[in-house]
Structure formats: C-alpha cells, structure tokens
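Input: a single structure, listed below in structure tokens.
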Amino acid sequence: MSKLAKVKKLTAQLEQLMLHRLQAFSVDVVSEKIYKLNFSQPNPRESSINRISHLVSFDPRDENEITRISHFPIETEISNEKYSPSRKHRIVFRKKENKRVLEIWDKDHLKQSLRVSDYHEDIYEDSTVTQSGIVWSADETCILYVAEKKPEKPVSAFAVSNENDLDKFLKSCNYKQDLGETYNQRFGPEVFLYKLDENELYKVTNLPEKILPAFVTFADKEGKSVILSGYKRPDEFFMGLTACFNRPADIFLLKELALQKISKGSNSGSGEPSSEQAPQENSAIKLTDDYLAIFPILSPDWSKITYLHSPQRNTHGFTLGMKKFSLEKPEEKAEITEIVEKANDNFNGISGYHDTFRNMNWLSDSKHMIFVSQFRGGQSIYIVNTETKALRKLNKPSHLSEDWNLLEVTDDRVIVSISSLSGKNKVAIYSGFNLQGRNLDEVVASGKWSYYDTFGSPLGSDNLINLEQRGRFNEEVLSVDGVEAFFWSLDSFKDSQGNRIEHSQKPLALLLHGGPHGSISGSYGHFIYYLLYQGYNLLAPNFSGSTGFGQSHLDNLIGNIGKQDRDETMALLDLVLSRKLANHKNICVTGGSYGGYLSFVLLNDYPKLFKTAIIRNPAVNFPHLIASSDIPEWAYAEVLNTDYQMNPKVEDMIKLWEASPSTKINKEITTKILLQVGGKDKRVPPDGALDYFRRLKRSGIDIECHYYPDENHGLGTSVDALFDGLIKRLLFLDEHMPGFE
C-alpha cells in the first residue's frame with residue numbers, strides 16, 4: 001500500500017474511532033427515572049468537539065433496566081449546567097462569543113438571565129478547584145460558584161488623569177504568576193453568590209487571606225454559610241496546581257457570608273460593580289490542621305463532613321486518607337480510611353488524580369460514603385461505613401485494568417462510566433442498597449449493577465474497526481519481585497487475510513506512564529486500541545513509584561529514579577521475551593512526561609534493544625526544570641528527596657544534572673525516535689527537550705521532532721493537534737515497525 005493510500009485509510013479509520021467510541025463524562029438527573037448522559041464527541045474533520053446527550057430511563061424492575069429513550073442525540077453549546085435539588089429549575093452557563101450568560105430555566109421556558117461576563121471571567125469547572133462547578137442551596141434560592149477575577153482595564157500613559165490611574169499605569173506590566181499547567185492566564189479565583197429572586201450577583205468578601213478558594217459548598221439549607229477548602233498561597237509565585245497533592249490546604253467555615261453586590265440585575269453591561277451593599281467583617285474559622293485537607297463533603301443530615309487528607313510530602317502524588325468531623329465538634333476528627341502502606345488484594349489506600357474524587361458522595365443515611373480509588377492499575381468503586389470503617393469494593397470488573405469512573409451518587413444509586421481497553425465502554429448503575437442492614441455485607445447484599453452500552457450505532461462502514469474482527473482481547477497480569485505489569489494482546493489474532501499470527505511474530509509496544517506517581521490502566525485510548533487491532537502486543541508496567549499499590553510502593557522510587565524503575569521494567573520485559581510473547585527484534589518504547597524520561601533512560605542504557613521510540617513532552621533536563629517548570633520542586637523530590645531549594649548547593653545541582661538523560665548521548669543508539677513537543681507546556685517546558693533533540697540529531701541519532709506551538713503538556717488542547725499527533729505516531733510505526741494489515 002502506498003503512503004498516500006495508507007494516510008487516507010488511517011485517517012478514515014481514526015475518524016470512525018473518535019466518532020463511535022463514546023464515554024460519558026457526566027450525568028444529569030432529570031427525574032427519579034430519567035437520566036441525561038453527557039458525552040464529548042470529537043469531530044476531527046472539523047477540529048471541533050460536540051457535547052451530546054442521551055436520555056435514558058432506569059427501572060431496576062424492568063427486563064431492560066436501562067433503556068434509551070428514542071431521540072436524536074441532544075447537542076448543546078452549554079458550558080456548565082446543574083439541576084436544582086427538587087429538579088424544578090435548571091441553571092445554565094452559556095458562552096456566546098465573548099459573553100457569558102447565566103440562565104435560570106424551569107420545566108417550560110427560560111425565566112431570567114444575567115450577563116455575568118460583565119463581572120468576572122470564566123467559572124472554574126475542573127476538579128482541582130471544584131467538586132461541582134455549580135452548587136445549589138437546599139431551598140433553591142441561590143447558587144454558589146468559583147470564577148476567575150475580572151482583570152482591571154489597563155491605563156496608558158496618555159490616559160493618566162489621577163492618582164488611581166497612575167497606580168494602574170505603573171503596575172500594568174508587572175509580571176504575574178498564573179496557576180500553572182492548564183491554567184493559562186488564570187490568576188485569582190473568587191467566590192460568587194447568585195440570588196434567584198433578585199436576579200443579582202454578589203461577591204463573597206470574607207474569604208481567608210492568602211488562599212485560593214476551592215470546593216465551596218453550602219453549610220446550611222438557606223445558603224447563609226459556606227464550607228470550603230483553601231489552597232495556601234504564601235507568596236505571589238504560587239506554582240502549578242493541576243495533578244498535584246503537595247500544595248498545602250485547609251478547610252474553613254464561613255458562618256455568615258459577607259457579600260458585596262456587584263450586578264445591577266438587568267444586563268446593563270456597564271461592567272461597573274455597584275456598592276449598594278458594602279462588605280462586612282466576618283472572619284473564617286479554620287476547621288483542620290492537616291497539611292493537606294481537600295474535598296470537604298457535607299452529609300445529607302447537615303451534621304458532619306468527610307474530607308481527604310495527607311501529611312506533608314515532597315512528591316506531588318501519593319496515597320491519601322479520609323477523615324470526618326461533626327460541625328458541632330470540628331476539633332474531634334476520626335480516621336475513616338488510613339493511608340495504606342502495603343498493597344493488598346482489596347484496598348490500597350485512596351489514590352488517583354483530582355478527577356478521580358470529583359463525584360464521591362454520601363448515601364442518604366449520612367452513614368455510608370461512595371468513592372473511587374486507583375487499585376493495582378485500574379479504578380474501583382468503594383463503599384465505606386464512616387462509623388465502623390468497614391469497607392468494600394462495589395464493582396466486579398471484567399479485567400483488573402478497567403477504569404470505573406464515578407459520575408453521580410443520587411437517590412441511593414451509584415452511576416458510573418466504565419472505560420475498557422477492549423473498547424466496550426459502558427455506563428452502569430448500582431441500585432438496591434439496604435440501608436437498614438446491620439453490617440456492610442447486608443447493606444450491599446440486595447444491590448446489583450445494571451449496564452448501558454455507549455457504543456455508537458455502526459453505519460456499516462468498512463472503516464469502522466473492532467478488535468473482535470481480529471481476535472479475542474486478553475489481559476494477563478505479570479509480576480516480577482512484586483512489581484506488576486499488564487500484558488495486553490489479542491488471542492487467536494488473524495490479519496485481514498485471515499492468517500493466524502502467533503505471539504512470537506508480533507511487535508511489542510512498551511508503554512511507560514507519567515508521573516512517576518501515576519499508574520497505567522486499561523482505560524480506552526485510540527492509540528493503544530489501534531495498536532492491538534494491528535497485531536501489537538502491549539506491556540504496561542506499574543513500576544515502583546506508581547500509585548494504587550500503597551504508599552511504600554511509591555516511596556521505593558524516591559531518590560532512585562532512572563535506576564530502580566529501569567531495572568523493574570527490564571525484568572518484566574525480559575519475562576515477556578523469555579516466554580516468546582513478542583518478536584524481540586520489533587520492540588517500541590513509548591511514553592510521555594516521566595514516561596518520556598524513562599524512555600530516554602532505556603535508550604541510553606540499551607542502545608540496540610528498541611527498534612522504535614515514540615516520546616512526548618519528556619522530562620530530560622532537571623536543572624532546566626527547576627528554573628522553568630510550574631512544579632520546580634518535582635526534580636528536587638524525585639532525585640534528592642528534598643523540598644524545593646531557593647539556593648541549591650553545587651553538589652545538588654551536579655546530582656540533578658547527572659540524573660538528566662540530556663547529559664548522555666549514546667552514539668550507539670540504533671533506535672528510530674519520534675519526539676512530539678507542545679510549545680505551551682508549563683509542566684515540562686519544551687526548551688529542554690528541543691535542546692536535546694538538536695544535540696541528538698547532530699550526533700547522528702535517527703530522530704525527528706513534531707512541534708505543536710499551541711499545545712500544553714497533554715498535547716490534546718485542540719482536536720486538530722490530538723488527531724494530527726495520533727495519526728503521525730501511527731504512520732511512524734507503520735513505516736519503521738509495521739503491524740499486520
């Protein structure tokens with residue numbers, strides 16, 4: 001097949017994958033029996049993302065427990081919405097060009113609206129700052145949310161007419177540190193309260209000093225008091241928040257809100273705040289003394305709060321614990337789940353990224369909590385009795401690597417999305433809790449899971465690929481000295497001509513995850529799904545440092561990066577090759593961020609082992625990172641096991657330099673390398689990787705680099721870049737280490 005024909009075929013196949021492999025990211029409870037499942041559907045042809053929704057009915061007594069209500073998918077441009085507790089109202093944030101409008105709907109029509117872009121920038125919707133972007137009061141009279149502060153209008157020297165103008169002019173070019181990766185040009189979140197009966201917007205003015213407000217929620221039914229977390233901001237150079245748990249945070253109570261009215265209630269568009277109600281003094285009460293205290297969740301009976309916590313640690317990822325306290329006696333804390341040290345077969349402590357914990361919540365008895373945690377490479381749903389500490393896993397995955405993501409806990413039902421590398425993404429609902437049960441086993445005994453397949457209806461296109469066309473998906477968990485890896489393959493694999501291909505003939509992709517304090521799971525991804533379809537076998541190690549295996553597994557790597565993880569990975573790879581589970585002459589190593597770092601470590605130490613390498617935004621130059629990354633403490637923690645140093649010692653700089661792959665150029669490397677880099681990456685700024693690329697190229701190493709000037713660390717800000725990077729990785733492999741057509 002010519003390269004032109006290959007590009008056209010691959011483009012058509014990947015387009016169909018993106019259009020059909022849907023995974024729900026949220027759910028709206030329309031009524032007791034009707035749910036709206038929300039999906040983001042990329043359209044690579046138009047470089048756009050459609051937000052679409054399916055209406056489904058749920059009745060556990062029916063034969064088909066979850067039934068699609070016949071309709072075309074609902075397409076919307078709404079950025080955020082939330083139904084009121086009684087489901088009589090719906091609040092919507094809508095973007096129209098540069099305007100942001102807040103709308104209140106009842107079941108029949110739009111009731112009122114307010115142009116909030118006159119008073120603040122975008123609202124915060126991500127799980128680093130909010131569990132729910134919009135919070136309703138129980139009496140449905142007001143809502144609470146966090147939004148970016150509106151910047152002051154700059155004043156030129158020609159417009160200075162008074163002392164206030166002069167001050168603005170002199171400060172107009174002062175450097176400001178934003179909140180890091182994914183928070184470009186975001187500097188100051190503020191808390192806002194909207195009153196429905198007035199159609200007025202207020203700013204909460206009595207927040208604790210020097211904190212970034214997060215996870216705000218009402219602490220009473222009338223919306224007069226608020227519970228929130230506050231990330232400590234010790235100085236103006238507060239660094240990256242995203243995917244980091246080493247940022248100190250406390251939980252606060254605002255017993256009475258001090259409010260400043262800033263709107264005029266009629267979309268006047270003046271942009272000038274009103275001073276009809278001046279802020280009053282009302283100090284916040286600090287409720288916790290942990291180093292990290294986030295995700296405060298108030299029980300349905302309004303009496304107690306659970307939250308996630310951790311002591312101070314150098315690394316940005318680690319295992320968390322859960323505590324609770326009553327609002328009457330907040331000084332009396334009780335541990336619900338401890339920070340698990342050693343891995344076991346049921347629960348290895350609470351770990352994951354912020355998104356993992358977004359929708360954890362209480363059941364209606366104010367006794368049991370539902371939450372999600374990483375577990376040995378997958379994600380599992382747990383129920384815990386907050387009084388007895390009894391804990392149990394709710395889900396029964398088809399494969400250990402499946403990701404079960406919590407979407408909602410409502411009406412004592414648990415709604416989740418299931419993401420699987422086999423491509424069979426689903427939504428599942430657990431119902432039937434017996435909250436009168438004497439113990440946890442009795443509570444869950446009568447419950448069951450109901451499933452809904454989210455796969456889009458095929459149109460009979462030749463370009464719509466399924467793994468079942470080639471073989472049977474298989475997952476094996478490999479272990480060497482207690483370190484695990486997933487081995488994914490298609491058993492009984494046949495190419496498009498019907499020829500049976502044995503494992504020993506197949507190419508192997510070694511998948512290295514980032515972090516290093518993350519983990520690799522079997523969550524669906526277009527890239528690895530297509531590799532399986534092409535007959536690749538996949539090895540995915542969760543080496544020391546990986547989360548989901550207890551805190552001690554994570555701690556084992558600190559100060560040993562590039563050595564212990566390298567040796568563990570190679571031991572697992574040797575096991576695969578000794579069992580002849582792949583062609584030892586066709587091995588690709590691939591990873592991004594820390595996975596890119598470890599990829600280059602392996603290339604330097606084993607220069608002739610890998611035929612190809614695909615590396616994305618790698619951490620290769622640690623001295624550069626401590627001066628440029630939004631988390632400069634990362635390199636100190638991983639290499640030296642110390643905190644951030646304002647004035648590093650010479651010997652420490654030498655250790656950082658020696659641990660950097662960019663200090664080594666092994667001219668014996670025969671691997672063909674593809675490097676992909678984002679120009680707006682704040683986590684691993686691109687200059688270090690680009691410098692290394694240039695020096696490798698001049699040394700005769702076969703390496704090419706794709707540069708995406710507007711992309712951040714994830715290389716997926718736009719659909720266009722996401723699709724371009726994906727198709728070029730696959731074309732690179734097809735040219736240098738092809739699979740089977």
Side-chain angles (χ1 to χ4, degrees), residues 79-85 91 93 102 116 119-149 179 183 186-196 200-233 241 247-260 262 279 282-288 292-300 302 304-309 325 327 330 354-355 357-362:
S79 63
N80 202 321
E81 63 180 327
K82 190 70 174 287
Y83 287 80
S84 65
I91 194 159
F93 279 91
L102 181 155
V116 293
Y119 313 110
H120 60 66
E121 299 298 308
D122 283 341
I123 71 169
Y124 282 77
E125 302 176 72
D126 62 287
S127 55
T128 306
V129 173
T130 177
Q131 189 184 29
S132 176
I134 304 167
V135 181
W136 279 92
S137 63
D139 63 2
E140 303 186 355
T141 62
C142 52
I143 65 161
L144 193 68
Y145 62 90
V146 177
E148 175 68 12
K149 179 180 180 180
L179 301 184
Y183 289 116
R186 288 199 175 196
F187 306 96
E190 295 183 324
V191 179
F192 295 88
L193 183 87
Y194 171 76
K195 295 186 177 182
L196 274 70
E200 297 280 12
L201 188 65
Y202 294 81
K203 183 170 71 172
V204 178
T205 60
N206 59 326
L207 297 175
E209 292 185 359
K210 293 186 178 181
I211 66 110
L212 297 173
F215 311 114
V216 297
T217 188
F218 288 113
D220 65 277
K221 296 181 181 180
E222 295 77 27
K224 295 180 179 179
S225 58
V226 164
I227 294 282
L228 74 152
S229 280
Y231 290 109
K232 294 180 182 177
R233 186 168 189 164
L241 280 179
R247 301 296 186 249
D250 295 304
I251 293 175
F252 298 90
L253 170 66
L254 304 180
K255 294 189 72 172
E256 292 184 26
L257 296 179
L259 300 174
Q260 179 183 17
I262 59 174
N282 192 335
S283 60
I285 302 171
K286 189 165 82 77
L287 301 178
T288 55
L292 172 76
I294 54 175
F295 285 101
I297 305 175
L298 189 63
S299 60
W302 302 88
K304 49 188 172 287
I305 284 176
T306 59
Y307 67 97
L308 301 183
H309 75 95
F325 61 85
L327 286 177
H354 292 87
D355 275 347
F357 314 125
R358 182 177 192 128
N359 297 307
M360 60 182 183
N361 214 338
W362 295 85

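Hydrogens, waters and symmetry mates play no part in the numbers below; they use all other heavy atoms, side chains included.
- No side-chain N or O of Lys195 forms a donor-acceptor pair with one of Thr141 less than 3.5 Å apart.
- Residues forming a salt bridge (Lys or Arg N to Asp or Glu O under 4.0 Å) with Lys203 (at least two apart in sequence, or on another chain): Glu190.
- Checked against side chain to side chain contact (heavy atoms under 4.5 Å, CB included), Ala147 has the following partners two or more places apart in sequence or in another chain: His120, Ile123, Tyr145, Phe192.
- Residue Leu257 holds its CG atom at 12.0 Å from OH of Tyr202, rounded to the nearest 0.5 Å.
- For Lys224, the NZ atom counts as loosely surrounded, since its 6.0 Å shell holds 12 or fewer non-hydrogen atoms of other residues, nucleotides or ligands.
- In this structure Asn361 satisfies the side chain to side chain contact (heavy atoms under 4.5 Å, CB included) test together with Ile297, Val409, sequence neighbours excluded.
- Pairing each heavy atom of Leu253 with each of Ala219, the nearest pair is CD1-CB, 4.0 Å.
- At a threshold of 4.5 Å between non-hydrogen side-chain atoms, the residues Ile91 and Glu81 do not count as touching.
- For the atom pair CG (Leu298) and CD1 (Ile305), the distance works out to 5.0 Å, reported to the nearest 0.5 Å.
- In this structure a side-chain-to-backbone donor-acceptor pair under 3.5 Å is present from Asn206 to Ala258.
- Of the inter-residue distances, the one linking Leu327 atom CG with Lys255 atom NZ reads 10.0 Å to the nearest 0.5 angstrom.
- How far CG of Leu179 is from CG of Leu212: 6.0 Å, rounded to the nearest 0.5 Å.
- Between Val204 and Leu259, some side-chain heavy-atom pair lies under the 4.5 Å cut-off.
- Between the side chain of Ser137 and the main chain of Cys142, a donor-acceptor pair closer than 3.5 Å is present.
- Side-chain contact between Leu201 and Val116 is present, with at least one heavy-atom pair separated by less than 4.5 Å.
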task: With side chain to side chain contact (heavy atoms under 4.5 Å, CB included) as the test, would you mind laying out the steps for Val135 and Phe218 before giving the verdict?
output: CA-CA 8 Å; Val135 181; Phe218 288 113; 3.9 Å; yes
- prompt: Can you list the steps and then say if Thr205 with Gln260 is a side chain to side chain contact (heavy atoms under 4.5 Å, CB included)?
  reply: CA-CA 7 Å; Thr205 60; Gln260 179 183 17; 3.7 Å; yes
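- Proximity of a side-chain donor or acceptor of Gln131 to a complementary backbone N or O of Arg358 within less than 3.5 Å is detected.
- Taking Ser127 as the reference, Asp355 meet the side-chain hydrogen bond (donor to acceptor under 3.5 Å, both in side chains) condition, with sequence neighbours excluded.
- Listed by chain and residue number, Asp250, Ile251, Asp290, Ala293, Tyr307, Phe325, Lys333 satisfy the side chain to side chain contact (heavy atoms under 4.5 Å, CB included) test with Thr288 (two or more places apart in sequence, or in another chain).
- When every heavy atom of Ala138 is checked against every heavy atom of Trp302, the shortest pair comes out as CB-CZ2, 3.6 Å.
- Among all heavy-atom pairs drawn from Pro213 and Leu207, the shortest one is CG-CD1, 4.0 Å.
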task: Evaluate side chain to side chain contact (heavy atoms under 4.5 Å, CB included) for Val146 paired with Val216, printing each intermediate quantity in order.
output: CA-CA 8 Å; Val146 177; Val216 297; 3.9 Å; yes
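- The two residues Glu148 and Phe187 have their closest heavy-atom pair at OE2-N, 2.8 Å.
- Contact of the Tyr194 side chain with the Leu102 side chain is registered, since non-hydrogen atoms from C-beta on lie closer than 4.5 Å.
- When all heavy atoms of His354 and Tyr231 are compared, the pair lying nearest together is NE2-OH, 3.8 Å.
- Judged as a side-chain hydrogen bond (donor to acceptor under 3.5 Å, both in side chains), and not counting sequence neighbours, the contacts of Glu140 are Ser84, Ser86.
- Note: Glu222 CD to Asp139 CG = 6.0 Å, rounded to the nearest 0.5 Å.
- For the atom pair Arg233 CZ and Lys210 NZ, the distance stands at 11.0 Å (nearest 0.5 Å).
- In terms of the side-chain hydrogen bond (donor to acceptor under 3.5 Å, both in side chains) criterion, residue partners of Asp220 (sequence neighbours excluded) are, by chain and number, Ser225.
- Screening Val191, Thr217, Ile134, Leu228 against Leu144 for a side-chain contact (heavy atoms from CB on, under 4.5 Å) leaves a single residue, Val191.
- Shown here are the side chain to side chain contact (heavy atoms under 4.5 Å, CB included) partners of Asp126, two or more places apart in sequence or in another chain: Tyr124, Thr128, Val129, Tyr183.
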query: Passes side chain to side chain contact (heavy atoms under 4.5 Å, CB included), Phe357 versus Leu308? Steps please.
result: CA-CA 9 Å; Phe357 314 125; Leu308 301 183; 3.7 Å; yes
